There are 2 protein chains.
Amino acid sequence: MNSNCATCPVKDSAACSVLTEEERNALASAGRTRDLKRGEMLFAAGDEDAACATLVTGALKVSAIDRDGNEQILALVHPSGFIGELFSPFAHHDVVALTNSRLCTFARKDIERAIDEFPSLARALLRRSQEDLLATRGLLELNATADAETRLAALIHDFAAAASHTSCHLASEFELPLTRGEIANMLGLTIETVSRKLGEIEDNGAIKRKGKRGIEIIDPALLQVLSGRQAAQA
Amino acid sequence: MNSNCATCPVKDSAACSVLTEEERNALASAGRTRDLKRGEMLFAAGDEDAACATLVTGALKVSAIDRDGNEQILALVHPSGFIGELFSPFAHHDVVALTNSRLCTFARKDIERAIDEFPSLARALLRRSQEDLLATRGLLELNATADAETRLAALIHDFAAAASHTSCHLASEFELPLTRGEIANMLGLTIETVSRKLGEIEDNGAIKRKGKRGIEIIDPALLQVLSGRQAAQA
DNA sequence: CGCATACTTGACGTCATTCAAACCGTGTGG
DNA sequence: CCACACGGTTTGAATGACGTCAAGTATGCG
(Lines give C-alpha, C1' and ligand atoms only; values in the text may rest on other atoms or scores of the structure.)
Protein backbone atom coordinates (compact mmCIF):
# COMPACT_ATOMS: atom_id res chain seq x y z
CA MET A 1 0.00 0.00 0.00
CA ASN A 2 1.28 3.37 -1.00
CA SER A 3 1.33 6.39 1.26
CA ASN A 4 -1.64 8.62 0.94
CA CYS A 5 -2.05 10.30 -2.44
CA ALA A 6 -4.09 13.03 -0.79
CA THR A 7 -0.96 14.57 0.73
CA CYS A 8 1.28 13.97 -2.29
CA PRO A 9 2.96 17.20 -3.38
CA VAL A 10 2.60 16.34 -7.05
CA LYS A 11 -0.92 15.00 -6.90
CA ASP A 12 -2.14 17.76 -9.23
CA SER A 13 0.70 17.71 -11.71
CA ALA A 14 1.96 14.14 -12.10
CA ALA A 15 0.69 11.79 -14.78
CA CYS A 16 -1.67 10.18 -12.29
CA SER A 17 -3.43 13.51 -11.73
CA VAL A 18 -5.66 12.77 -14.72
CA LEU A 19 -7.17 9.78 -12.95
CA THR A 20 -10.29 9.87 -10.84
CA GLU A 21 -9.74 9.41 -7.14
CA GLU A 22 -10.99 5.88 -7.40
CA GLU A 23 -8.71 5.02 -10.30
CA ARG A 24 -5.76 6.60 -8.62
CA ASN A 25 -6.29 4.59 -5.49
CA ALA A 26 -6.34 1.45 -7.58
CA LEU A 27 -3.03 2.42 -9.15
CA ALA A 28 -1.54 3.53 -5.84
CA SER A 29 -2.22 0.18 -4.26
CA ALA A 30 0.09 -1.37 -6.83
CA GLY A 31 2.85 1.16 -6.30
CA ARG A 32 5.15 1.88 -3.44
CA THR A 33 7.09 4.85 -2.20
CA ARG A 34 10.81 4.72 -2.41
CA ASP A 35 13.46 7.11 -1.14
CA LEU A 36 16.82 7.53 -2.79
CA LYS A 37 19.83 9.29 -1.32
CA ARG A 38 22.01 11.51 -3.47
CA GLY A 39 24.02 9.27 -5.77
CA GLU A 40 21.79 6.22 -5.37
CA MET A 41 20.68 4.54 -8.56
CA LEU A 42 17.09 3.75 -9.44
CA PHE A 43 18.12 1.44 -12.24
CA ALA A 44 21.08 0.95 -14.56
CA ALA A 45 21.37 0.62 -18.31
CA GLY A 46 20.73 -3.01 -19.21
CA ASP A 47 18.48 -3.79 -16.26
CA GLU A 48 15.56 -5.94 -17.19
CA ASP A 49 12.08 -5.09 -16.04
CA ALA A 50 13.30 -1.81 -14.61
CA ALA A 51 10.62 -0.19 -12.52
CA CYS A 52 8.72 2.88 -13.58
CA ALA A 53 8.25 5.82 -11.28
CA THR A 54 6.87 9.26 -10.76
CA LEU A 55 9.29 11.61 -9.02
CA VAL A 56 7.67 13.19 -5.99
CA THR A 57 10.47 15.29 -4.55
CA GLY A 58 14.14 15.78 -5.40
CA ALA A 59 15.87 15.49 -8.76
CA LEU A 60 17.19 12.68 -10.94
CA LYS A 61 19.55 12.44 -13.86
CA VAL A 62 19.26 10.13 -16.85
CA SER A 63 22.65 9.29 -18.25
CA ALA A 64 24.51 7.02 -20.64
CA ILE A 65 28.01 5.67 -20.17
CA ASP A 66 30.00 5.13 -23.35
CA ARG A 67 32.65 2.45 -23.72
CA ASP A 68 35.40 4.86 -22.64
CA GLY A 69 33.60 5.23 -19.33
CA ASN A 70 32.51 8.81 -19.98
CA GLU A 71 29.15 9.70 -18.60
CA GLN A 72 26.80 11.76 -20.70
CA ILE A 73 23.78 13.24 -18.95
CA LEU A 74 20.82 13.06 -21.29
CA ALA A 75 18.06 14.52 -19.18
CA LEU A 76 17.12 15.81 -15.76
CA VAL A 77 13.92 14.77 -14.07
CA HIS A 78 12.04 17.15 -11.82
CA PRO A 79 9.16 16.44 -9.44
CA SER A 80 6.06 15.10 -11.20
CA GLY A 81 8.25 13.73 -13.97
CA PHE A 82 7.80 10.15 -15.05
CA ILE A 83 10.66 7.68 -15.49
CA GLY A 84 10.62 4.40 -17.30
CA GLU A 85 10.90 2.84 -20.70
CA LEU A 86 7.62 1.05 -21.08
CA PHE A 87 8.16 -0.82 -24.31
CA SER A 88 11.76 -1.86 -24.06
CA PRO A 89 12.77 -5.19 -22.50
CA PHE A 90 15.68 -3.49 -20.74
CA ALA A 91 16.66 0.00 -19.69
CA HIS A 92 18.86 1.96 -22.08
CA HIS A 93 20.17 4.45 -19.56
CA ASP A 94 21.16 4.87 -15.95
CA VAL A 95 18.90 6.83 -13.63
CA VAL A 96 20.53 8.29 -10.53
CA ALA A 97 19.37 10.65 -7.79
CA LEU A 98 21.04 14.07 -7.84
CA THR A 99 19.63 14.96 -4.45
CA ASN A 100 17.78 12.97 -1.85
CA SER A 101 14.59 12.08 -3.63
CA ARG A 102 11.26 10.43 -3.10
CA LEU A 103 9.58 8.43 -5.83
CA CYS A 104 6.35 6.59 -6.35
CA THR A 105 7.40 3.39 -8.10
CA PHE A 106 5.47 0.77 -10.03
CA ALA A 107 6.33 -2.58 -11.49
CA ARG A 108 6.28 -2.46 -15.25
CA LYS A 109 3.40 -4.86 -15.56
CA ASP A 110 1.27 -2.81 -13.19
CA ILE A 111 1.80 0.31 -15.28
CA GLU A 112 1.05 -1.59 -18.45
CA ARG A 113 -2.14 -2.89 -16.96
CA ALA A 114 -3.09 0.58 -15.79
CA ILE A 115 -2.52 1.98 -19.27
CA ASP A 116 -4.89 -0.54 -20.75
CA GLU A 117 -7.41 -0.05 -18.01
CA PHE A 118 -7.33 3.75 -17.84
CA PRO A 119 -7.06 5.32 -21.30
CA SER A 120 -6.61 8.75 -19.79
CA LEU A 121 -3.35 7.56 -18.23
CA ALA A 122 -2.00 6.54 -21.61
CA ARG A 123 -2.85 9.98 -22.88
CA ALA A 124 -1.12 11.64 -19.94
CA LEU A 125 2.01 9.56 -20.39
CA LEU A 126 2.01 10.33 -24.09
CA ARG A 127 1.90 13.99 -23.28
CA ARG A 128 4.75 13.66 -20.82
CA SER A 129 6.79 11.66 -23.29
CA GLN A 130 6.38 14.35 -25.90
CA GLU A 131 7.50 16.95 -23.39
CA ASP A 132 10.58 14.88 -22.62
CA LEU A 133 11.22 14.64 -26.32
CA LEU A 134 11.01 18.40 -26.66
CA ALA A 135 13.35 18.94 -23.72
CA THR A 136 15.89 16.49 -25.11
CA ARG A 137 15.75 18.16 -28.51
CA GLY A 138 16.31 21.48 -26.82
CA LEU A 139 19.46 20.15 -25.20
CA LEU A 140 20.55 18.67 -28.51
CA GLU A 141 20.08 22.00 -30.24
CA LEU A 142 22.04 23.74 -27.53
CA ASN A 143 24.94 21.32 -27.55
CA ALA A 144 25.26 21.11 -31.29
CA THR A 145 25.72 24.72 -32.24
CA ALA A 146 26.36 26.95 -29.27
CA ASP A 147 29.79 27.59 -27.77
CA ALA A 148 30.73 26.76 -24.21
CA GLU A 149 29.76 30.08 -22.64
CA THR A 150 26.37 30.11 -24.34
CA ARG A 151 25.58 26.57 -23.24
CA LEU A 152 26.52 27.31 -19.68
CA ALA A 153 24.55 30.54 -19.59
CA ALA A 154 21.52 28.74 -20.99
CA LEU A 155 21.80 26.02 -18.35
CA ILE A 156 22.08 28.54 -15.53
CA HIS A 157 19.12 30.39 -16.95
CA ASP A 158 17.06 27.19 -17.02
CA PHE A 159 17.99 26.33 -13.46
CA ALA A 160 17.13 29.82 -12.31
CA ALA A 161 13.77 29.52 -14.03
CA ALA A 162 13.17 26.07 -12.54
CA ALA A 163 14.12 27.28 -9.05
CA SER A 164 11.60 30.10 -9.08
CA HIS A 165 8.25 28.33 -9.48
CA THR A 166 6.74 31.56 -10.82
CA SER A 167 7.29 30.37 -14.33
CA CYS A 168 8.02 33.64 -16.08
CA HIS A 169 10.58 34.99 -13.62
CA LEU A 170 14.02 33.87 -12.53
CA ALA A 171 14.99 33.03 -8.98
CA SER A 172 17.50 35.64 -7.82
CA GLU A 173 19.55 33.13 -5.91
CA PHE A 174 19.68 29.34 -5.94
CA GLU A 175 21.89 26.29 -5.61
CA LEU A 176 23.08 24.39 -8.64
CA PRO A 177 21.70 20.86 -8.44
CA LEU A 178 24.75 19.53 -10.29
CA THR A 179 28.45 19.32 -9.55
CA ARG A 180 30.88 20.88 -12.02
CA GLY A 181 31.54 17.46 -13.40
CA GLU A 182 27.86 16.82 -13.94
CA ILE A 183 27.40 20.16 -15.64
CA ALA A 184 30.33 19.30 -17.89
CA ASN A 185 28.83 15.91 -18.70
CA MET A 186 25.51 17.47 -19.51
CA LEU A 187 26.91 20.12 -21.83
CA GLY A 188 29.55 17.99 -23.47
CA LEU A 189 32.40 20.02 -21.97
CA THR A 190 35.17 19.42 -19.46
CA ILE A 191 35.23 20.40 -15.81
CA GLU A 192 37.94 22.93 -16.48
CA THR A 193 36.03 24.67 -19.25
CA VAL A 194 32.93 24.87 -17.09
CA SER A 195 34.94 26.41 -14.27
CA ARG A 196 36.60 28.94 -16.56
CA LYS A 197 33.45 29.99 -18.39
CA LEU A 198 31.62 30.30 -15.10
CA GLY A 199 34.33 32.73 -14.07
CA GLU A 200 33.91 34.68 -17.30
CA ILE A 201 30.16 34.91 -16.89
CA GLU A 202 30.78 36.19 -13.37
CA ASP A 203 33.32 38.72 -14.69
CA ASN A 204 30.72 39.88 -17.20
CA GLY A 205 28.50 40.76 -14.27
CA ALA A 206 25.65 38.43 -15.10
CA ILE A 207 25.99 36.24 -12.01
CA LYS A 208 27.91 35.93 -8.77
CA ARG A 209 29.17 32.65 -7.38
CA LYS A 210 28.26 31.96 -3.75
CA GLY A 211 30.43 29.13 -2.53
CA LYS A 212 30.71 26.03 -4.67
CA ARG A 213 27.11 25.54 -5.69
CA GLY A 214 25.37 28.83 -5.02
CA ILE A 215 24.53 31.24 -7.85
CA GLU A 216 23.17 34.75 -7.51
CA ILE A 217 21.65 36.26 -10.64
CA ILE A 218 22.96 39.82 -10.89
CA ASP A 219 21.74 40.75 -14.37
CA PRO A 220 18.97 38.49 -15.71
CA ALA A 221 18.80 40.32 -19.03
CA LEU A 222 22.52 39.91 -19.62
CA LEU A 223 22.26 36.23 -18.75
CA GLN A 224 19.52 35.87 -21.32
CA VAL A 225 21.69 37.55 -23.93
CA LEU A 226 24.64 35.30 -23.11
CA SER A 227 22.40 32.26 -23.35
CA GLY A 228 21.67 33.21 -26.95
CA ARG A 229 17.93 33.24 -26.38
CA GLN A 230 17.58 36.91 -27.03
CA ALA A 231 19.44 39.28 -29.31
CA ALA A 232 21.62 41.90 -27.64
CA GLN A 233 19.99 45.33 -27.71
CA ALA A 234 21.46 47.85 -30.15
CA MET B 1 -11.69 9.58 -48.09
CA ASN B 2 -8.20 8.31 -47.89
CA SER B 3 -6.61 6.02 -50.42
CA ASN B 4 -6.98 2.37 -49.58
CA CYS B 5 -5.20 1.27 -46.41
CA ALA B 6 -5.09 -2.27 -47.75
CA THR B 7 -2.32 -1.37 -50.18
CA CYS B 8 -0.46 0.94 -47.81
CA PRO B 9 3.20 -0.08 -47.55
CA VAL B 10 3.33 0.72 -43.84
CA LYS B 11 -0.02 -0.80 -42.91
CA ASP B 12 1.69 -3.35 -40.68
CA SER B 13 4.22 -1.07 -39.03
CA ALA B 14 2.68 2.39 -38.62
CA ALA B 15 0.91 3.47 -35.46
CA CYS B 16 -2.46 2.70 -37.05
CA SER B 17 -1.47 -0.96 -37.48
CA VAL B 18 -2.68 -1.64 -33.96
CA LEU B 19 -6.24 -0.75 -34.92
CA THR B 20 -8.82 -3.19 -36.14
CA GLU B 21 -9.75 -2.89 -39.78
CA GLU B 22 -12.95 -1.22 -38.83
CA GLU B 23 -11.26 1.28 -36.55
CA ARG B 24 -8.62 2.01 -39.12
CA ASN B 25 -11.18 2.75 -41.76
CA ALA B 26 -12.86 5.17 -39.41
CA LEU B 27 -9.56 6.95 -38.87
CA ALA B 28 -8.65 6.83 -42.54
CA SER B 29 -11.85 8.56 -43.51
CA ALA B 30 -10.69 11.56 -41.49
CA GLY B 31 -7.21 11.62 -43.00
CA ARG B 32 -5.96 12.39 -46.44
CA THR B 33 -2.92 11.45 -48.46
CA ARG B 34 -0.42 14.16 -49.21
CA ASP B 35 2.68 14.13 -51.40
CA LEU B 36 5.65 16.37 -50.73
CA LYS B 37 8.50 17.04 -53.13
CA ARG B 38 12.06 17.21 -51.87
CA GLY B 39 12.47 20.45 -49.96
CA GLU B 40 8.76 21.02 -49.41
CA MET B 41 7.68 21.80 -45.89
CA LEU B 42 4.95 19.97 -43.99
CA PHE B 43 4.79 22.65 -41.34
CA ALA B 44 7.02 25.30 -39.84
CA ALA B 45 7.96 26.14 -36.26
CA GLY B 46 5.27 28.37 -34.86
CA ASP B 47 2.43 27.05 -37.02
CA GLU B 48 -0.79 26.67 -35.11
CA ASP B 49 -2.83 23.53 -35.39
CA ALA B 50 -0.11 21.87 -37.44
CA ALA B 51 -1.33 18.65 -38.93
CA CYS B 52 -0.20 15.24 -37.73
CA ALA B 53 0.92 12.58 -40.15
CA THR B 54 2.26 9.11 -40.66
CA LEU B 55 5.06 8.93 -43.20
CA VAL B 56 4.26 6.34 -45.87
CA THR B 57 7.23 6.63 -48.20
CA GLY B 58 10.27 8.92 -48.41
CA ALA B 59 12.08 10.69 -45.61
CA LEU B 60 11.59 13.84 -43.55
CA LYS B 61 13.78 15.97 -41.34
CA VAL B 62 12.77 17.74 -38.14
CA SER B 63 14.84 20.84 -37.61
CA ALA B 64 15.13 24.00 -35.56
CA ILE B 65 16.42 27.33 -36.79
CA ASP B 66 18.21 29.45 -34.21
CA ARG B 67 18.25 33.24 -34.28
CA ASP B 68 21.47 33.32 -36.29
CA GLY B 69 19.65 31.44 -39.03
CA ASN B 70 21.56 28.20 -38.48
CA GLU B 71 19.57 25.09 -39.03
CA GLN B 72 19.96 22.21 -36.61
CA ILE B 73 18.51 18.88 -37.67
CA LEU B 74 16.99 17.22 -34.62
CA ALA B 75 15.62 14.02 -36.09
CA LEU B 76 14.98 12.10 -39.25
CA VAL B 77 11.66 10.44 -39.93
CA HIS B 78 11.47 7.19 -41.85
CA PRO B 79 8.42 5.43 -43.30
CA SER B 80 5.86 4.42 -40.67
CA GLY B 81 7.12 7.23 -38.43
CA PHE B 82 4.61 9.60 -36.88
CA ILE B 83 4.93 13.37 -36.93
CA GLY B 84 3.09 15.87 -34.83
CA GLU B 85 3.09 17.55 -31.47
CA LEU B 86 -0.24 16.59 -30.06
CA PHE B 87 -0.32 18.65 -26.92
CA SER B 88 1.30 21.88 -27.97
CA PRO B 89 -0.74 24.76 -29.39
CA PHE B 90 1.93 25.39 -32.00
CA ALA B 91 4.74 23.45 -33.65
CA HIS B 92 8.20 23.85 -32.14
CA HIS B 93 10.16 22.71 -35.17
CA ASP B 94 10.16 22.70 -38.95
CA VAL B 95 9.39 19.48 -40.79
CA VAL B 96 10.70 19.26 -44.36
CA ALA B 97 10.84 16.46 -46.93
CA LEU B 98 14.34 15.19 -47.68
CA THR B 99 13.13 13.20 -50.67
CA ASN B 100 9.82 13.06 -52.47
CA SER B 101 7.53 11.67 -49.82
CA ARG B 102 4.01 10.47 -49.27
CA LEU B 103 2.20 11.05 -46.01
CA CYS B 104 -1.09 10.19 -44.46
CA THR B 105 -2.16 13.39 -42.71
CA PHE B 106 -4.77 14.10 -40.06
CA ALA B 107 -6.12 17.25 -38.52
CA ARG B 108 -5.08 17.54 -34.91
CA LYS B 109 -8.61 17.28 -33.59
CA ASP B 110 -9.24 14.09 -35.55
CA ILE B 111 -6.18 12.46 -34.03
CA GLU B 112 -7.16 13.64 -30.58
CA ARG B 113 -10.60 12.19 -31.03
CA ALA B 114 -9.15 8.92 -32.29
CA ILE B 115 -6.87 8.71 -29.25
CA ASP B 116 -9.82 9.04 -26.93
CA GLU B 117 -11.90 6.63 -28.95
CA PHE B 118 -9.25 3.96 -29.54
CA PRO B 119 -7.06 3.39 -26.49
CA SER B 120 -4.78 1.10 -28.42
CA LEU B 121 -3.83 4.04 -30.63
CA ALA B 122 -2.74 6.08 -27.64
CA ARG B 123 -0.59 3.17 -26.57
CA ALA B 124 0.95 2.87 -30.04
CA LEU B 125 1.71 6.58 -30.18
CA LEU B 126 3.22 6.44 -26.72
CA ARG B 127 5.49 3.66 -27.86
CA ARG B 128 6.51 5.60 -30.92
CA SER B 129 7.14 8.71 -28.88
CA GLN B 130 9.43 6.79 -26.56
CA GLU B 131 11.33 5.44 -29.54
CA ASP B 132 11.74 8.98 -30.86
CA LEU B 133 13.00 9.99 -27.44
CA LEU B 134 15.54 7.21 -27.48
CA ALA B 135 16.72 8.12 -30.97
CA THR B 136 17.09 11.77 -30.03
CA ARG B 137 19.05 10.85 -26.92
CA GLY B 138 21.28 8.68 -29.06
CA LEU B 139 22.03 11.64 -31.27
CA LEU B 140 22.62 13.81 -28.22
CA GLU B 141 25.07 11.30 -26.81
CA LEU B 142 26.87 11.11 -30.12
CA ASN B 143 27.16 14.86 -30.60
CA ALA B 144 28.22 15.62 -27.08
CA THR B 145 31.31 13.51 -26.70
CA ALA B 146 32.50 12.02 -29.96
CA ASP B 147 34.86 13.77 -32.36
CA ALA B 148 33.95 14.62 -35.94
CA GLU B 149 35.17 11.41 -37.55
CA THR B 150 33.37 9.23 -35.02
CA ARG B 151 30.11 11.09 -35.46
CA LEU B 152 30.29 10.83 -39.22
CA ALA B 153 31.17 7.14 -39.15
CA ALA B 154 28.26 6.49 -36.80
CA LEU B 155 25.87 8.34 -39.09
CA ILE B 156 27.05 6.42 -42.15
CA HIS B 157 26.70 3.21 -40.18
CA ASP B 158 23.14 4.08 -39.25
CA PHE B 159 22.21 4.95 -42.81
CA ALA B 160 23.74 1.73 -44.07
CA ALA B 161 21.71 -0.19 -41.50
CA ALA B 162 18.54 1.70 -42.40
CA ALA B 163 19.10 1.13 -46.11
CA SER B 164 19.36 -2.62 -45.78
CA HIS B 165 16.00 -3.61 -44.27
CA THR B 166 17.55 -6.83 -42.95
CA SER B 167 18.01 -5.23 -39.61
CA CYS B 168 21.24 -6.85 -38.46
CA HIS B 169 23.26 -6.36 -41.64
CA LEU B 170 24.51 -3.29 -43.48
CA ALA B 171 23.64 -2.40 -47.05
CA SER B 172 26.81 -2.68 -49.12
CA GLU B 173 25.95 0.34 -51.21
CA PHE B 174 23.42 3.13 -50.78
CA GLU B 175 22.72 6.82 -51.36
CA LEU B 176 23.03 9.35 -48.57
CA PRO B 177 19.62 10.90 -48.02
CA LEU B 178 21.26 14.14 -46.90
CA THR B 179 23.42 16.76 -48.55
CA ARG B 180 26.77 17.59 -46.97
CA GLY B 181 25.20 20.66 -45.47
CA GLU B 182 22.42 18.62 -43.90
CA ILE B 183 24.88 16.10 -42.51
CA ALA B 184 26.82 18.99 -41.03
CA ASN B 185 23.67 20.45 -39.49
CA MET B 186 22.74 17.12 -38.03
CA LEU B 187 26.13 16.44 -36.46
CA GLY B 188 26.86 19.98 -35.35
CA LEU B 189 29.79 20.33 -37.75
CA THR B 190 30.58 22.43 -40.80
CA ILE B 191 30.33 21.36 -44.43
CA GLU B 192 34.10 21.49 -44.80
CA THR B 193 34.73 19.24 -41.84
CA VAL B 194 32.21 16.71 -43.12
CA SER B 195 33.89 16.68 -46.50
CA ARG B 196 37.35 16.29 -45.01
CA LYS B 197 36.44 13.53 -42.57
CA LEU B 198 34.56 11.70 -45.28
CA GLY B 199 37.78 11.74 -47.26
CA GLU B 200 39.71 10.40 -44.27
CA ILE B 201 37.24 7.58 -43.70
CA GLU B 202 37.61 6.72 -47.37
CA ASP B 203 41.41 6.81 -47.05
CA ASN B 204 41.13 4.46 -44.09
CA GLY B 205 39.47 1.97 -46.41
CA ALA B 206 36.14 1.77 -44.60
CA ILE B 207 34.05 3.24 -47.41
CA LYS B 208 34.28 4.43 -50.99
CA ARG B 209 32.48 7.49 -52.31
CA LYS B 210 30.43 6.94 -55.45
CA GLY B 211 29.61 10.33 -56.90
CA LYS B 212 28.26 12.98 -54.54
CA ARG B 213 25.74 10.96 -52.60
CA GLY B 214 26.67 7.32 -53.13
CA ILE B 215 28.52 5.34 -50.47
CA GLU B 216 29.91 1.85 -50.81
CA ILE B 217 30.77 0.06 -47.58
CA ILE B 218 34.18 -1.55 -48.07
CA ASP B 219 34.91 -2.66 -44.52
CA PRO B 220 31.86 -2.82 -42.24
CA ALA B 221 33.90 -3.89 -39.23
CA LEU B 222 36.27 -0.96 -39.61
CA LEU B 223 33.33 1.40 -39.97
CA GLN B 224 31.93 0.04 -36.75
CA VAL B 225 35.24 0.63 -35.01
CA LEU B 226 35.46 4.19 -36.32
CA SER B 227 31.91 4.84 -35.16
CA GLY B 228 33.02 4.02 -31.63
CA ARG B 229 30.38 1.37 -31.19
CA GLN B 230 32.87 -1.44 -30.88
CA ALA B 231 36.35 -1.57 -29.44
CA ALA B 232 39.20 -2.09 -31.86
CA GLN B 233 40.56 -5.64 -31.71
CA ALA B 234 43.94 -6.05 -30.06
C1' DC C 1 45.24 17.15 11.97
C1' DG C 2 45.40 14.70 7.62
C1' DC C 3 43.32 13.02 3.87
C1' DA C 4 39.74 13.09 0.24
C1' DT C 5 36.83 15.44 -2.80
C1' DA C 6 35.58 19.28 -5.44
C1' DC C 7 36.90 23.21 -7.60
C1' DT C 8 40.08 26.77 -9.73
C1' DT C 9 43.87 28.40 -12.44
C1' DG C 10 47.72 28.28 -15.83
C1' DA C 11 50.45 26.68 -19.95
C1' DC C 12 50.28 24.24 -23.97
C1' DG C 13 48.54 21.24 -27.81
C1' DT C 14 44.97 19.76 -30.89
C1' DC C 15 41.05 19.64 -33.57
C1' DA C 16 37.39 21.86 -35.77
C1' DT C 17 36.14 26.30 -37.71
C1' DT C 18 36.86 30.09 -40.72
C1' DC C 19 38.05 32.22 -44.84
C1' DA C 20 39.37 31.55 -49.39
C1' DA C 21 39.87 29.36 -53.73
C1' DA C 22 39.36 25.66 -56.88
C1' DC C 23 36.57 21.86 -58.61
C1' DC C 24 32.77 19.29 -60.79
C1' DG C 25 28.30 18.01 -62.83
C1' DT C 26 24.28 20.00 -64.73
C1' DG C 27 21.34 22.88 -67.06
C1' DT C 28 20.84 27.15 -70.02
C1' DG C 29 21.47 30.17 -73.70
C1' DG C 30 24.16 31.65 -77.47
C1' DC D 1 28.39 22.29 -79.68
C1' DC D 2 30.42 25.22 -76.57
C1' DA D 3 30.58 28.87 -73.04
C1' DC D 4 29.00 29.93 -68.90
C1' DA D 5 26.83 30.21 -64.53
C1' DC D 6 25.35 27.87 -60.46
C1' DG D 7 24.88 24.68 -56.50
C1' DG D 8 27.12 21.40 -54.20
C1' DT D 9 31.51 19.82 -53.01
C1' DT D 10 36.52 19.52 -52.21
C1' DT D 11 40.90 21.27 -50.64
C1' DG D 12 44.27 24.41 -48.38
C1' DA D 13 46.17 27.58 -44.73
C1' DA D 14 45.54 30.22 -40.61
C1' DT D 15 43.01 31.17 -36.48
C1' DG D 16 40.92 30.14 -32.24
C1' DA D 17 38.20 27.56 -28.85
C1' DC D 18 38.22 23.82 -26.07
C1' DG D 19 40.74 19.84 -24.22
C1' DT D 20 44.73 17.99 -21.79
C1' DC D 21 48.05 17.95 -18.36
C1' DA D 22 49.55 19.63 -14.21
C1' DA D 23 49.71 22.37 -10.17
C1' DG D 24 47.43 24.68 -6.62
C1' DT D 25 43.36 26.11 -3.46
C1' DA D 26 39.31 25.43 -0.70
C1' DT D 27 35.94 22.58 2.04
C1' DG D 28 34.53 18.82 4.59
C1' DC D 29 35.01 14.52 7.12
C1' DG D 30 37.17 10.90 9.87
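Chain letters run A, B, ... following the sequence lines, proteins first, then strands; residues in each count from 1. No experiment lies behind these values; they were computed from the predicted model shown.
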Integer-rounded Å distance: C:dA6 P and A:Lys210 NZ: 24 Å

DNA chain C: 5'-proximal contact among B:Lys212 and A:Arg180 (nearest heavy atom): A:Arg180

Roughly, in whole Å, what's the span from CD in B:Glu175 to C1' in D:dG8? 15 Å

Take atom CG of B:Leu98 and atom C1' of D:dG8, then tell me their distance rounded to the nearest Å. 16 Å

Could you tell me which non-hydrogen atom of B:Leu60 sits nearest to which non-hydrogen atom of B:Ala97, and how far apart they are? CD2-CA, 3.7 Å

Could you give me the CA-CA distance, side-chain angles and deciding distance for B:Arg196 and B:Asp203, then say whether salt bridge (charged side-chain N to carboxylate O under 4.0 Å, His left out) is met? CA-CA 11 Å; B:Arg196 269 187 265 270; B:Asp203 293 344; over 6 Å; no

For A:Asn185 and A:Glu71, does a side-chain donor sit closer than 3.5 Å to a side-chain acceptor? yes

Under 4.0 Å, heavy atoms only, any strand: does B:Arg151 hit a base, just the sugar-phosphate, or nothing? nothing

Between C:dG25 atom P and B:Arg213 atom CZ, what is the distance in whole Å? 16 Å

Could you tell me how far apart B:Ile191 (CD1) and C:dC19 (C1') are, to the nearest whole angstrom? 14 Å

B:Phe90 vs B:His92, ring-ring contact (aromatic ring centres under 6.0 Å, His included): CA-CA, chis, key distance, verdict: CA-CA 6 Å; B:Phe90 56 88; B:His92 285 77; 5.1 Å; yes

Round to the nearest Å and state the distance from B:Leu189 atom CG to D:dA17 atom P. 18 Å

Check this one for me: any side-chain N or O of A:Thr179 less than 4.0 Å away from OP1 or OP2 of C:dA6? no

Looking at A:Thr136, A:Ile73, A:Leu142, which hits side-chain contact (heavy atoms from CB on, under 4.5 Å) with B:Leu140? A:Thr136

Shortest non-hydrogen contact from B:Leu55 toward B:His78: CD2-C, 3.5 Å

For atom CG of A:Leu187 and atom P of D:dA17, their distance in whole Å: 18 Å

Can you tell me how far C1' of D:dT20 sits from CG of A:Asn70, to the nearest Å? 13 Å

Let's see if you get this right: which residues in residues 192-201 of chain A place a heavy atom under 4.0 Å from DNA chain C? A:Glu192, A:Ser195, A:Arg196

Quick check for you: to the nearest 0.5 Å, what is the distance between B:Ser164 atom OG and B:Glu173 atom CD? 14.0 Å

